[in-house]
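Quick note: numbers below take in every heavy atom, side chains included, and nothing from hydrogens, waters or symmetry partners. Quick note: residue numbers are just sequence positions, from 1.
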Amino acid sequence: MNIFELYKDKINKILLDMSKNGKIILPDELDGINTEIPPAKFNSDISTNVAMFLSKINKISPADLAEILAKVIKKSDNLIENVSVVNPGFINIKFKPIFWTNFIKEITQKSKTFGINDKEKKKNYLIEFVSANPTGPLHVGHCRGAILGDVIANVLLFNNHKVTREYYVNDYGNQIINFTKSVYFRIREIIFKEPFPSDNEDLYPGDYLIDFAKNIINSNEKIDFKNFENISEKLTALSINEALMLIKKNLNSLGINHDNFVSEKKLILNQEVEKVIDYLKKNKFVYKGKIKAPAGENNDNWVEREQLLFKSTDFGDDKDRSLQKSDGAWTYFASDVAYHKNKLDRKFDYLINILGADHAGYIKRISSSVEALSNSKEKLICKVSQLVKLIKDKKPFKMSKRKGDYITLDDLINEVGKDATRFIMLSRSSDVELDFDFDSVVEKSKDNPLYYVQYCYARISSVFRHIKKDLNSDIKIDKYDFNYSDDEINILKKLSEWPKCIDVSSSKLEPHRIPTYLYELASLFHSYWNLGKENPDKRFINDKNKITDDKLIFLKAISNTIKSGMNIIGASTPEKM
């Protein structure tokens, strides 16, 4: 039950009726009419901008039109207590207490669907995220984007869309050759006691390669490790498999599982790059030309040469992009275009790419290619995951670097756990940098938002344990004849915002709104709980050691919403803390 959409529809119906009777002039579309949460200083439940939206076309001031509409709105619904007008023309609606009794009855009886937008047309999404090079374990830099992609998928799934999680495996090119050679030298270090060539900057130095090497040596594969060239193809496959197993293990520890792993090498061997180039040529999106030196490049060192270029400037990019290197090999961009053609051929409604901060500059070119391939600006959506700063004792935090020259995802999870990692990484919008403070993450206080939300659920669980009821079971009430206090209605009003939170999180792909909402709901609950210390009427367990139906349903509604939100985030709701 989305009360904001419900009353928006009611207002639209009132307007259509008034229009038929010649009492108001309406534009062709009413999309600009909103129903929102009014500021806390107004004693109201819903606010609408309808008068301001329609004032110009009706040639009347917003305030005067609001006064006219307020009277009609008040008469139209017997659940409305009063309607007031606030400058410059907002209409604020206050409901009768019975409205909130009806509200909690419906959301309790339909707890499994509360928050879902039933009106929204369901779509099929492909979300590509993480896609780190398969050359070693995931590090903290991958963590935020991984959680962002996973929780966007969870929000869309909660809202009944179809979602496929995908990982693009960059298993082709020079970095894979260097990675395989690194494993090879670790193998020779173990078998032939040869020192690893640590002075070679092209090689990967991490100790994790020793584990890869041991696993390959102890496998059932019969390989002669005397000559790299003779075994390079086989060793590459084995090395990438080791890296992917480790990456999947890292992701699994974070609660993430991808549906597909798409190999760049397979796309190239299947000649999908050549096929997409042919497509672009036929549609006159490519040409032979020269490009100037990139920004910051020394012009004296830059050699202009004729090369195959994609007309990305036709689609808003700042320059055309090269598809082929000087040696004739395809650029990384060409492979990426082929991969996105592969995505488009699988007939998804939307493609979502989660990119790290260092790839933000790549958005224009890949968006241009998707527009050229699909004839649609809306097909590809790119979300950037900004940097994370780890802080402990108010200083940058350095953890063990055994895995290489970076802090691994496993290091982070071992330090603070999966729940804290997911919740805190999601606590700010992905397009701004995030400070991950280890000290606040382990605090058992209001300053730790994860603890505060989980403690809310645990407190409710304690009440249900006391009355010997299962919090996870449905509750049946014969008669809903409740009269909630203002303190309780404030919490019910926050519950009414849950469908709006889901709707915006889903439509704008902004899942950080969910932990923010849950923290606000938990804060209201804890404040109400503390009132019971002084006022027996506010206690959930009364002096007869029982709980009344109104408070039982009240607690159940809060716990259901907390549970739904934490499931979307991918964090637990412990019943004891």
Side-chain contact, heavy-atom cut-off 4.5 Å: N448 with S440? no

How many angstroms lie between CD1 in I562 and CG in L521, if you round to the nearest 0.5 Å? 4.5 Å

Pairwise side-chain contact, I502 with N117, heavy-atom cut-off 4.5 Å (strictly under): no

Quick one: does I541's side chain get under 4.5 Å of V463's, heavy atoms only? yes

Using salt bridge (charged side-chain N to carboxylate O under 4.0 Å, His left out) as the criterion, point out the one residue from K418, R144, R422 that pairs with D150. R422

Is the shortest heavy-atom distance from the side chain of K162 to the side chain of F348 under 4.5 Å? no

Over 12 non-hydrogen atoms of neighbours within 6.0 angstrom of NZ in K377: no

Return yes when atom CZ of F4 has more than 12 non-hydrogen atoms of other residues, nucleotides or ligands closer than 6.0 Å, and no otherwise. yes

Measure the spacing between CG of L30 and CG of L15 and express it to the nearest 0.5 Å. 6.5 Å

Would you sort out whether S47 and N92 count as a side-chain hydrogen bond (donor to acceptor under 3.5 Å, both in side chains), showing the intermediate values? CA-CA 4 Å; S47 180; N92 289 350; 2.8 Å; yes

How are the rings of Y125 and Y350 set relative to one another: parallel (under 30°), tilted (30 to 60°) or perpendicular (over 60°)? parallel

Please state whether the rings of F95 and F99 are parallel, tilted or perpendicular, taking 30° and 60° as the class boundaries. parallel

Give the intermediate values and the outcome of ring pair (Phe, Tyr, Trp, His ring centres under 6.0 Å) for residues F540 and Y528. CA-CA 10 Å; F540 292 104; Y528 182 86; 5.6 Å; yes

State whether D17 and K13 are salt-bridged, where the test is any N-O pair (Lys NZ or Arg NE/NH1/NH2 against Asp/Glu carboxylate O) under 4.0 Å. yes

Mind running side-chain hydrogen bond (donor to acceptor under 3.5 Å, both in side chains) on K556 and T108 for me, showing each step along the way? CA-CA 7 Å; K556 180 63 175 169; T108 304; over 6 Å; no

Decide if atom CG of D358 counts as having more than 12 heavy atoms of other residues, nucleotides or ligands within a radius under 6.0 Å. yes

Quick one: do E166 and K343 make a salt bridge, cutoff under 4.0 Å? no

Consider side chain to side chain contact (heavy atoms under 4.5 Å, CB included). Of L6, L69, V50, N34, which one does I11 pass it with? V50

Could you check whether atom NZ of K105 has more than 12 heavy atoms from other residues, nucleotides or ligands sitting under 6.0 Å from it? no

Take L518 and I514 through the test side chain to side chain contact (heavy atoms under 4.5 Å, CB included) and record every step on the way to the result. CA-CA 6 Å; L518 294 178; I514 295 172; 4.1 Å; yes

Given side chains that start at C-beta, do those of P97 and W100 come closer than 4.5 Å, heavy atoms only? no

Just do the side-chain hydrogen bond (donor to acceptor under 3.5 Å, both in side chains) check on E81 and N43 with the steps written out, would you? CA-CA 11 Å; E81 184 172 285; N43 184 26; 6.0 Å; no

side-chain hydrogen bond (donor to acceptor under 3.5 Å, both in side chains), that's the test. Do T548 and D550 meet it? Break it down for me. CA-CA 6 Å; T548 57; D550 60 336; 2.4 Å; yes

Approximate separation, where rounding is to 0.5 Å, of E497 CD and Y517 OH: 6.5 Å

Among N12, D77, D45, N2, side-chain hydrogen bond (donor to acceptor under 3.5 Å, both in side chains) partner for Y7: D77

Taking the side chain as everything from C-beta on, heavy atoms only, tell me whether I98 gets closer than 4.5 Å to L79. yes

With a 6.0 Å cut-off (strictly less than), is the heavy-atom count around NZ of K123, excluding the residue itself, greater than 12? yes

Interatomic distance, L254 atom CG to D419 atom CG [nearest 0.5 angstrom]: 10.5 Å

With rounding to the nearest 0.5 angstrom, report the CG to CD distance, N490 to E488. 10.0 Å

Show the nearest heavy-atom pair for residues G149 and I354, with the distance to one decimal. CA-CG1, 3.8 Å

Going by distance alone, is a donor N or O of one side chain under 3.5 Å from an acceptor N or O of the other, for D411 and H139? no

Could K500 and E36 be called an ion pair, given the rule that one side-chain N must be under 4.0 Å from one carboxylate O? yes

Could you point out which residue of Y451, Y457, Y455, Y519 forms a ring pair (Phe, Tyr, Trp, His ring centres under 6.0 Å) with H526? Y455

Measuring from atom CD1 of I352 to atom CG of L509, what distance do you get when rounded to the nearest 0.5 angstrom? 4.5 Å

Tell me the closest heavy-atom pair linking L471 and S461, and the distance in Å. CD2-OG, 3.2 Å

In terms of relative ring orientation, are Y362 and H359 parallel, tilted or perpendicular, with 30° and 60° separating the classes? perpendicular

